[in-house]
2 protein chains.
Amino acid sequence: MSVRVLEHPSVEEIRLEAVLHALADPARLEVVCFLARTEGEAACSEIDLAVSKSTGTHHYRVLREAGVINQVYQGTAKMNSLRKADLDALFPCLLDSVVSAAAKRPRRDQGSTSGAGRPRTHQGE
Amino acid sequence: MSVRVLEHPSVEEIRLEAVLHALADPARLEVVCFLARTEGEAACSEIDLAVSKSTGTHHYRVLREAGVINQVYQGTAKMNSLRKADLDALFPCLLDSVVSAAAKRPRRDQGSTSGAGRPRTHQGE
DNA sequence: GCCGTAGTACGATGGTCGTCGTAGTATGGT
DNA sequence: ACCATACTACGACGACCATCGTACTACGGC
């Protein structure tokens, strides 16, 4: 009886171009910013993305395969967290500067999306 | 009698995703790293890219339209420079962290390409 | 004027990418 | 066992992207 295990690139396999490519998409940047604001990890279902569920699955896979996020199953849910330590070691300041740059820009969709802007705290504890 | 003028996006028009997308390509990253090492500006012909001239033109256009580089004609040559001040104002630390991350990685092609790794100084003066 | 050089518009090609719906799998609760 | 939930593999679609060759434009030197 095995729990589902997901493949992640090792630190040596993480490529700068793949990371930049992963971060260059609005939906994936949204996920990364959400996780940057969240202590610990967050399930996919906690993050509202303005795309279908199957597209969301695609985007999470791109982030994982680029080495930007760590994913682990807990029951049916997939818990996500940034590989901040790895990315900061490989590319110092990159993640922080991207996240803070994304946070500063004017957001047009902030009024229309619910929940994506803020991580839920103290839920299911 | 007009000199050829190139369109550049204003600071307000520069988008984080477009910048990240522009930097996510190996050839374009090569150009940006070259220009980061170069004081002042460099002509396209000074930067050896491992692609054809027409593909090179395509890549320079992507960088310019993303707002990463400034381009100006001097005779038949196009002089390129990074829009460092603009990018640092918009996305503090981003350009520096990308460039230093790119500089740190092991380069497999460094032995096979000539000149791209180092800007030529005191040539044609 | 011609010539050499730098760079390009155009069109084509093949691959990549983001998108989605559908039918499916895996899990935990009952 | 069933059920609800989270998530996904698959295939499809249309747009985007990187690539190149060809014929071209613009420029400065002579």
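In what follows, chains are A, B, ... by sequence order, proteins preceding strands, each numbered from 1.
- When the side-chain nitrogen and oxygen atoms of A:His59 are compared with OP1 and OP2 of C:dT19, one or more of them lie within a distance under 4.0 Å.
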Determine, step by step, whether A:Arg83 and A:Leu95 satisfy the side chain to side chain contact (heavy atoms under 4.5 Å, CB included) criterion, reporting the C-alpha distance in whole Å, the side-chain angles of both residues, the deciding distance to 0.1 Å, and the verdict.
CA-CA 10 Å; A:Arg83 290 179 67 171; A:Leu95 190 61; over 6 Å; no

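- Under a 3.5 Å cut-off, the side chain of B:Arg28 and the backbone N or O of B:His21 do form a donor-acceptor pair.
- Tested against A:Phe34 for a side-chain contact (heavy atoms from CB on, under 4.5 Å), the candidates A:Ile47, A:Asn80, A:Leu49 yield a single pass: A:Ile47.
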Derivation of the side chain to side chain contact (heavy atoms under 4.5 Å, CB included) call for A:Val32 and A:Val68:
CA-CA 8 Å; A:Val32 168; A:Val68 175; 3.9 Å; yes

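- Residue-level contact check: A:Tyr60 touches neither bases nor backbone, having no heavy atom under 4.0 Å from any strand.
- B:Glu7 places its CD atom 13 Å from the P atom of C:dA9, with the value rounded to the nearest Å.
- Of all non-hydrogen atoms in B:Ala18 and B:Ala66, the two that sit nearest each other are O-CB, 3.7 Å.
- As rounded to whole Å, 13 Å separates atom P of D:dC17 from atom CG of B:Leu63.
- Rounded to whole Å, atom P of C:dG7 lies 12 Å from atom CG of B:Asp48.
- B:Val19 and B:Leu82 fall within the same hydrophobic cluster, where Ile, Leu, Val, Met, Phe, Trp and Tyr residues are linked whenever their side-chain heavy atoms come under 4.5 Å apart, directly or through other members.
- For B:Ser45, counting side-chain heavy atoms from C-beta on, the closest listed nucleotide (D:dA18, D:dC7, C:dG7) is C:dG7.
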Tabulate protein N/O versus nucleotide N/O from nucleotides 28-30 of chain C, keeping only pairs under 3.5 Å, one per line.
none

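- In terms of position along DNA chain C, the nucleotide closest to B:Thr57 lies nearer the 5' end than the nucleotide closest to the other residue of the pair A:Asp25 and B:Thr57.
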Contact list (N/O, under 3.5 angstrom) for nucleotides 20-23 of chain D vs protein:
| unit_1 | atom_1 | unit_2 | atom_2 | d |
| --- | --- | --- | --- | --- |
| D:dC20 | OP2 | B:Ser52 | N | 2.9 |
| D:dC20 | OP2 | B:Ser52 | OG | 3.4 |
| D:dC20 | OP2 | B:Thr55 | OG1 | 3.0 |
| D:dG21 | N7 | B:Ser54 | OG | 3.1 |
| D:dG21 | O6 | B:Ser54 | OG | 3.3 |

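- Put simply, A:Val11 and A:Leu87 are part of the same group of oily side chains (I, L, V, M, F, W, Y) that touch within less than 4.5 Å, one to the next.
- Per the geometry, CG belonging to B:Leu6 stands 11 Å off P belonging to C:dG7, to the nearest Å.
- The phosphate of D:dC7 has neither OP1 nor OP2 within less than 4.0 Å of any side-chain N or O from A:Arg4.
- Rounded to whole Å, the distance from CG on A:Asn80 to C1' on D:dA6 is 12 Å.
- The line from CD of A:Glu65 to CG of A:Leu6 is 10.0 Å long, rounded to the nearest 0.5 Å.
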What N/O pairs connect the protein and nucleotides 11-15 of chain D at under 3.5 Å? Give each pair on its own line.
none

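- For the pair B:Leu49 CG and C:dG7 P, the interatomic distance rounds to 11 Å; values are reported in whole Å.
- When rounded to the nearest whole Å, the span between CD of B:Glu30 and P of D:dA18 equals 16 Å.
- The shortest distance between the side-chain N/O atoms of B:His21 and the OP1/OP2 oxygens of D:dC17 is below 4.0 Å.
- Closest of all the heavy-atom pairs between A:Val98 and B:Leu16 is O-CD2, 3.8 Å.
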